[in-house]
Amino acid sequence: MSKPILEVTNISLSRAQNLVVRDLSLSVSGGEILQLSGSNGSGKTTILRALAGLIMPDNGRVARLEEKVGNITTSSNSMVYIGHRHGLEENLSPLENLNFLSQVSTPSPVRDGVSVLGTLGLKTSMHVPTARLSAGQKQRVSLARLLMFDAPLWLLDEPFTALDTSSKKQLENMIDAHLDRKGAVVLATHQKFNCKSHVTNYSLPLIV
Amino acid sequence: MMTNLLHKYASLKNFYFLSLKLSRWLVLPFVFTLVYGLIGALWIAPQDYQQGESFRIMYVHVPSAWLSMFVYMNMFGAAILTLIWRVKLSEIVLRACAPLGAIFTFLALITGSIWGKPMWGTWWVWDARLTSELLLLFIYFGIIALFHAIEDRRIAAKACALMTVVGAVNIPIIHYSVQWWSTLHQGPTVSKIGAPSIHLDMLIPLIVMSVAFTLYFIIMCLARIRIGIREYDKNSTWVKNLVTSTLQKEHNQ
Amino acid sequence: MTPFPRTVNETTSRELRKTFRNPSEIFYPLIFFVLVLTMFPFAIPPVPGLFNSIASGIVWTAALLAISLSLETLFKADYGSGALEIIHLSGADLVLVGIGKSLGHWIISGLPIALLAFPIGWALDLNFLTLWVLVLTLMLGSATMSLTGASISALTVGLRGGGFLLVMLTLPFFVPLLIFGSSAATNASLGIVPEAELYFLGGMFVLSLTVAPWATAHAIRIRLG
């Protein structure tokens, strides 16, 4: 049995003094994919952010690769978190955005911005100011980080948003390839998607 | 190990009941020192040969000013505990102290102004100490405003803790800058009766009043801390029991 | 190329590139600076020579207000777009990011204002020594403001009350800069070389350079939850 890439033990989470989830435990190992489903406001994003280390749980423990999530800097090489907001600077081009990230991140990325944007079908728009891109294109630039960095755990919050059919298919393929490489995925989405591997589903809200 | 010890003694429930006992014990000393200090200030202390009776406001002004700094030092200690060890109780202490510190600073400004009026003829001069106190008041206001601006209680506490630490670094700089600046202006100053040897009859009430003010601060601060503890632990059994038993007591009365 | 660490270079370049693509942003602090200056002749009594005698102080005050207000935009866009979060999660050294942001901010607002003070001071009939001292103190002081202000800007980013809260928090800390900056210029106008004031401003700058970026990094971490 391989070590779990992500292990969550009895966490309780609250957002602005409101309890969102209580005593949640789960674990995800290499090659496994976990889906958090539920309507808006059910707590999917809060849980994902806790898994990413952006929120401290009230109690319990979130551990990635057997390393307690306390200091994000030391565990940043173990995951890529794609949240709701793409974090792109509107006045800069997608390539400039990704190059900046490449230069400041530790550890350094394994693929460069040009090749990644090419793979995602953005070769022609990689020098255009991001403000002029469509929502779907911006989402694809956001997903570029999945290919740029070599991280075993992918935390995806509604990644299919604004993607057209072919882009959605491409993302599904990316997820499949990641799982084949023994990576792990935790995915929050209310959309239906195709996946070669078995998807474990957690339906939210988990507390009444 | 240090962290464990700290967390045990800073347990909110233990501190709550400890502070209740402490508050009860402190009331009598507070009343005693206040009365003793006031008698000393208003009757026993001899008239100042320069300022007559009006100097007696000093017995409120000096303790207020001293407390405005003392409260900030407490906040600084709580801020360090919050930032480094994430102790919940220190977050509550920080939030409890801020308005009290602002009140003492405000009181120091008002009484300082009143003290100066007979001497300067105006209600305000840009004197070194008063100006420093005024800037301190703005710093307190800023920290209080920051508490209210952030929704999540714990993030707000951490933000204010950082603000307090930044303030702590800057306050000495501000203090000495303002002092330097005031020497350029050669204005009148609100000074303590600063003769090298101050008459004992004048000094003792001052010390007693300072103690009285400090006791008052502790009692009020503990009350605010208890409110904070009830808020932080509001989902726990012990707080729920506390609330229901208090409501029952009131109902029975 | 430059002696700074790579993260600082990249962050500063990003700030500059971002701003120069939208150049109107550079002019707002400058225009505000001159606008505030212009208020004073309307406000103070028309005693002959009065305005020119307090000109250095007014220039310094106007610069202080303009720079304080411009601090609000430092982290606003990155926080709102989620970029700050991504930068943090990517393992970037936030202390260096803080320095880069401060340097970028200084180049965009503090430095232009300091340079603009030269022709403005000249128009206000200040002597040569005063002009140089004014520009130098503004450069040094505004650099300190960019550093210290960045930490408070990061702390208050995106909050309601926004800019006003930021200014309320930063102005008390900028008072020493104002005191020594304008005093230096005033002494210079009397023909005295303001050594003490310049040493102090230099000291404050070094202090903020060593302490503020750490505070900025902490502030970012705190606000990102």
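The model shown is predicted, which means the values in this text are computed figures rather than measured ones. Below, chain A is the first sequence line, B the second, and so on; all start at residue 1.
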More than 12 heavy atoms of other groups within 6.0 Å of K76(C) NZ: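 For K76(C), atom NZ is not crowded (no more than 12 foreign heavy atoms under 6.0 Å).
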
Chain C contacts, top residue of I55(A), L92(A), N97(A), I82(A) (heavy-atom pairs, under 4.5 Å):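 Among the listed options, the one with the most contacts to chain C is L92(A).
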
Segment of L88(A) engaging chain C (4.5 angstrom heavy-atom cut-off):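 L88(A) touches chain C through backbone heavy atoms alone.
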
Region of E96(A) that comes under 4.5 Å of a non-hydrogen atom in chain C: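 It is the side chain, since no backbone atom gets that close.
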
W154(A)/Y81(A) aromatic ring centres below 6.0 Å: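 Ring-ring flag for W154(A)/Y81(A): false, centres at least 6.0 Å apart.
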
Basic-acidic side-chain contact under 4.0 Å: K182(A), E32(A):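 So K182(A) does not pair with E32(A) through a salt bridge.
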
Side chain K44(A), main chain G38(A), donor-acceptor under 3.5 Å: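 It does hold such a pair.
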
Top contributor to chain A interface from A77(C), S13(C), G82(C), G80(C) [non-hydrogen pairs under 4.5 Å]: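 The candidate making the most pairs under 4.5 Å is G82(C).
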
